[in-house]
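Just so it is clear, the model here is predicted, and its values are computed rather than measured.
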Amino acid sequence: MKLNIDCVRDIMLWAEENSDLRHPAIYIDTVLSKSLAEAYEEVPPPIPPAQFELLTRYDNDELVYHIKYCIRAGLLDEFASPDGYSIGVSDLTPSGHAFLESIRYPVIYEKVKKVLNMLGVKSLEAATQASSLVISNLIKSAIG
């Protein structure tokens, strides 16, 4: 699957908004939970309300892939989920906070995406470097 930096950003915003010190953000893999529920003749678990917004923009497989990507990339801390069909995120890592802050604001993020599209590069590292340059240029223009 190709990396979708928009999906990564939205997942990071979702994780930040829906996790806190004692409550992980939970993403239920809708495909897997439905399959398991059918196999055991049970009712699938309810989808957390915060997950619906993500599912309006991306399909389940893309979200599962990118959540796992963010965990493996060291942006999110995983919270062990015993049920086998959900992914828990306990918090953003320090690197995750830094990355999100560099692309949080739409005006900066749109400029970062423009640079990435112009170069044809879609990596996390390139997004981080582009955001640093965009922010540096905005600081320079603000200072005069």
Is it the case that the side chains of [Y] and [X] hold a donor-acceptor pair, with the cut-off being a distance below 3.5 Å and no angle test?
X	Y	value
Lys122	Asn117	yes
Asn60	Tyr65	no
Asn4	Tyr58	no

| said: In this structure, would Phe52 and Ile28 fall into the same cluster of hydrophobic residues linked by side-chain contacts under 4.5 Å? | reply: yes

Shared hydrophobic cluster for Leu75 and Leu100 (ILVMFWY, side-chain gaps under 4.5 Å): yes

Output yes when a side-chain donor or acceptor of [X] lies under 3.5 Å from a complementary backbone atom of [Y], and no otherwise.
X	Y	result
Glu78	Ile87	no
Ser102	Thr128	no
His23	Asn18	no

Measuring from [X]:[atom1] to [Y]:[atom2], what's the distance to the nearest 0.5 Å?
X	Y	atom1	atom2	answer
Leu54	His66	CG	NE2	12.0 Å
Asp91	Leu21	CG	CG	8.5 Å
Leu63	Asp10	CG	CG	9.0 Å

Atom pairs and distances, donor-acceptor, side-chain atoms in residues 31-44, under 3.5 Å, two or more places apart:
unit_1: Ser33; atom_1: OG; unit_2: Asp29; atom_2: O; d: 3.1
unit_1: Ser33; atom_1: OG; unit_2: Thr30; atom_2: O; d: 3.3
unit_1: Ser35; atom_1: OG; unit_2: Val31; atom_2: O; d: 3.1

| query | Is the Lys NZ or Arg CZ of Arg9 less than 6.0 Å from the centre of Tyr109's six-membered ring, within 45° of the axis? | reply | yes

Taking [atom1] in [X] as the centre, count heavy atoms belonging to other residues, nucleotides or ligands within less than 6.0 Å. Is the count above 12?
X	atom1	result
Lys114	NZ	no
Glu110	CD	yes
Glu53	CD	no

